[in-house]
Amino acid sequence: MAVSTPLLGVIVLIYLMVVFWCGWIAYKRTKEVDDYMLAGRNVHPAILALSYGAAFISTSAIVGFGGAAAVLGMGMLWLAVMNIIVGIFIAFVLFGSRTRSMGVNLKAVTFPELLGRRFQSRFIQGFSGAVIGLFMPLYAGIVLIGGARFVETTLGINYDIAVLILAIIVAAYVITGGLLAVMYTDALQGALMFIGMAVLLALTYIKLGGITEAHLALTNMASLVPDSLAAGGHTGWTSMPAFGSPIWWTLVSTLVLGVGIGVLAQPQLAVRFMTVNSKKSLNRAVFVGGPFILMMTGVAFIVGSLSNVYFFQTDGLIAIAAAGGNQDLIIPEYINGAMPDMFVIVFMVTLLAAAMSTMSSQYHTMGSAIGHDFYREYLMKGNAGKTVTMTRVGIFITIIASVILAYILPISIIARATAIFFGICAAAFLPMYAGALFWRRMTRQGAIASLMVGTFSSLFWLTFVHAKEAVPLGISQALFGVDTILTGTWTVVDPILVATPISAIVAIAVSLLTEPPSDEHLATCYKK
């Protein structure tokens, strides 16, 4: 049931006014290229952590992965564990400090530029920018879907209009204020998200009679697992799927490992490490980022799973049935049905914050990748307009692309599309990125080979082997007369488990067979 009260309008108006105020402050403080592209390289640790977390955790995590947890169960909590260990601790402590240092040494202002200058290759910078510009709109599109779906169910307005409104609002402050505006507004939105999710968890347990009662009720619902899910290995919402079953492979390889490992190679997150002024700032940010990610992902997965109890008690249905078969609607339907009207209003602002924080980071990253890295630096060899101008043009182009995708993508796509993008980034960038930071012997040729093999092997697996994409695409069927060119377990193994190891092996082999970089260049890259 849609919520429509004067109070809702007032709260949303106040929220948007504060967001634009943050964007205006950032705009006034944006004087140089480093300000627009890297927030001046002097961001406070708390703002870094909240901005990183808010950019990472979006409506795709809350709505999409919360809905996935409603279908698959609390095994999704392993993704929360991976997010904290890999996405926060390893990312900040191991990758973050070296990224910041090398970015300063090489005067890089984007993630592709860092890689390109480390390996002295315009091709790496340009091709990396093209990969981001081509595939990140898919990720941005599903974030738009998550926010718009909740606005649709809460306010009762047309979904297409909701998509357009969200895109225009975010575009307004990203295009004008750059990364400084993104990080200021992200910090505000991250704080709102933390409060909203904490209240959601508390109200859910109260609604279901307490922690023990809620989890026991969910355990006792194991017999209600639909035959189609049981046949795929689903054993209940409080236990892991049967080992080696199709659902187990989907949960473990696609969602837990695909997103949990892929986070290390997310361009919009890696660039944030270059916005602080010291390694100490990165270490301090861990103590804010860890609890934030735990609250965001942990609550989404727990509440998503427990929504089955609520829907069964009220409608006699499990969550996916109550949502009409669209798992992207489970969390919106649960919030609107189970929560008090006042909290529905508060949570709508929480989801707006989640959507806008991630979208702003995506738009800035896509804009810089297309406008600066691919067009200005690679195609035009640095001779086409200023970096800020070209980035703004790129932002505009990629916003249009993400809005179009939000209109045409199918239902229940949010979690899957997120995993696809994270997996492509892991295969294309992670071996090269890790080699750039930790292995002096890695060469330009090794990096290029790893980038190309990782990108195209990931796309090949998605197109011809992994059934969730290969079957709907139909390319394998058209060319070879079969849905997938491999059969059995291979069809449920996510591309990240195949393409990323191949990319890493190629990077090592080619680097060992080619001439190492000059000592002078390495001294510049690794200067303390």
Side-chain angles (χ1 to χ4, degrees), residues 1-3 59-77 145-146 149-156 159 196-197 199-232 234-239 241 247 250-251 255 297-348 350-351 411-416:
M1 181 178 180
V3 175
T59 50
S60 68
I62 299 172
V63 175
F65 282 76
V71 176
L72 300 177
M74 290 197 177
M76 286 287 294
L77 287 171
I145 290 173
R149 285 298 182 196
F150 193 82
V151 172
E152 175 191 28
T153 57
T154 303
L155 300 182
Y159 166 78
M197 295 300 279
V199 175
L200 174 62
L201 182 64
L203 290 179
T204 295
Y205 281 129
I206 292 172
K207 185 76 176 180
L208 299 180
I211 298 174
T212 302
E213 291 76 6
H215 288 265
L216 182 60
L218 186 62
T219 300
N220 293 336
M221 287 178 62
S223 61
L224 300 175
V225 173
D227 292 340
S228 58
L229 292 177
H234 200 305
T235 59
W237 288 276
T238 57
S239 60
I247 291 180
T250 297
L251 175 63
L255 300 179
T297 56
V299 170
F301 303 157
I302 291 172
V303 170
S305 299
L306 291 175
S307 68
N308 286 283
V309 178
Y310 166 77
F311 286 118
F312 182 70
Q313 291 177 348
T314 56
D315 303 325
L317 301 170
I318 62 172
I320 188 65
N326 185 355
Q327 71 180 37
D328 295 341
L329 285 177
I330 292 175
I331 294 298
E333 292 286 353
Y334 170 73
I335 299 297
N336 282 288
M339 297 292 109
D341 283 353
M342 184 61 193
F343 180 74
V344 174
I345 296 171
V346 172
F347 198 75
M348 194 194 77
T350 299
L351 277 191
I411 64 171
S412 299
I413 190 62
I414 294 179
R416 181 68 212 128

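The side chain to side chain donor-acceptor pair (under 3.5 Å) check on Tyr310 picks up nothing, with sequence neighbours excluded. Here Thr250 pairs with Lys468 under the side chain to side chain contact (heavy atoms under 4.5 Å, CB included) rule; sequence neighbours left out. Residues passing the ring pair (Phe, Tyr, Trp, His ring centres under 6.0 Å) test with Tyr205 are His215, sequence neighbours excluded. Residues passing the ring pair (Phe, Tyr, Trp, His ring centres under 6.0 Å) test with Phe343, sequence neighbours excluded: Phe347. The side chain to side chain contact (heavy atoms under 4.5 Å, CB included) search around Glu213 returns none, not counting sequence neighbours. Judged as a side chain to side chain contact (heavy atoms under 4.5 Å, CB included), and not counting sequence neighbours, the contacts of Ala300 are Met197.
Residue Ala69 comes nearest to Ser305 through the heavy atom pair O-OG, 3.3 Å, listed as atom of the first residue, atom of the second, then distance. Across every non-hydrogen atom of Ala214 and Leu208, the tightest pair is CB-CB, 3.7 Å. Closest heavy-atom contact between Gly67 and Ile330: O-CD1, 3.9 Å. When all heavy atoms of Ile318 and Pro226 are compared, the pair lying nearest together is CD1-CG, 3.5 Å.
Counting heavy atoms from C-beta outward, Asn308 and Leu224 have side chains that stay 4.5 Å or more apart. Tyr159 places a side-chain heavy atom less than 4.5 Å from the side chain of Ile145. Counting only heavy atoms from C-beta outward, the side chains of Phe65 and Thr297 never approach each other to under 4.5 Å. In this structure, the side chains of Met76 and Ile302 stay at 4.5 Å or more apart for every pair of heavy atoms. Residues Thr238 and Met221 are not in side-chain contact: their nearest non-hydrogen atoms beyond the backbone lie 4.5 Å or more apart.
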Tell me, with the steps shown, if Thr235 and Val225 meet side chain to side chain contact (heavy atoms under 4.5 Å, CB included). CA-CA 7 Å; Thr235 59; Val225 173; over 6 Å; no
If you apply the rule side chain to side chain contact (heavy atoms under 4.5 Å, CB included), what do you find for Ile335 with Val303, and how did you get there? CA-CA 10 Å; Ile335 299 297; Val303 170; 5.5 Å; no
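Atom CZ in Phe312 sits 11.5 Å away from atom CG in Leu218 (nearest 0.5 Å). The CG atom of Leu72 lies 6.5 Å from the CG atom of Leu255; values are rounded to the nearest 0.5 Å. Met339 CE to Ile206 CD1: the interatomic distance, rounded to the nearest 0.5 Å, is 9.0 Å. Glu333 CD to Asn326 CG: the interatomic distance, rounded to the nearest 0.5 Å, is 9.5 Å. For the atom pair Ile211 CD1 and Leu216 CG, the distance stands at 13.5 Å (nearest 0.5 Å). Once rounded to the nearest 0.5 Å, the distance linking CD1 of Ile331 with CD1 of Ile62 reads 9.0 Å.
A side-chain donor-acceptor contact under 3.5 Å links His234 to the backbone of Val71. Checking side-chain atoms of Trp237 against main-chain N and O of Met74 turns up no donor-acceptor pair under 3.5 Å.
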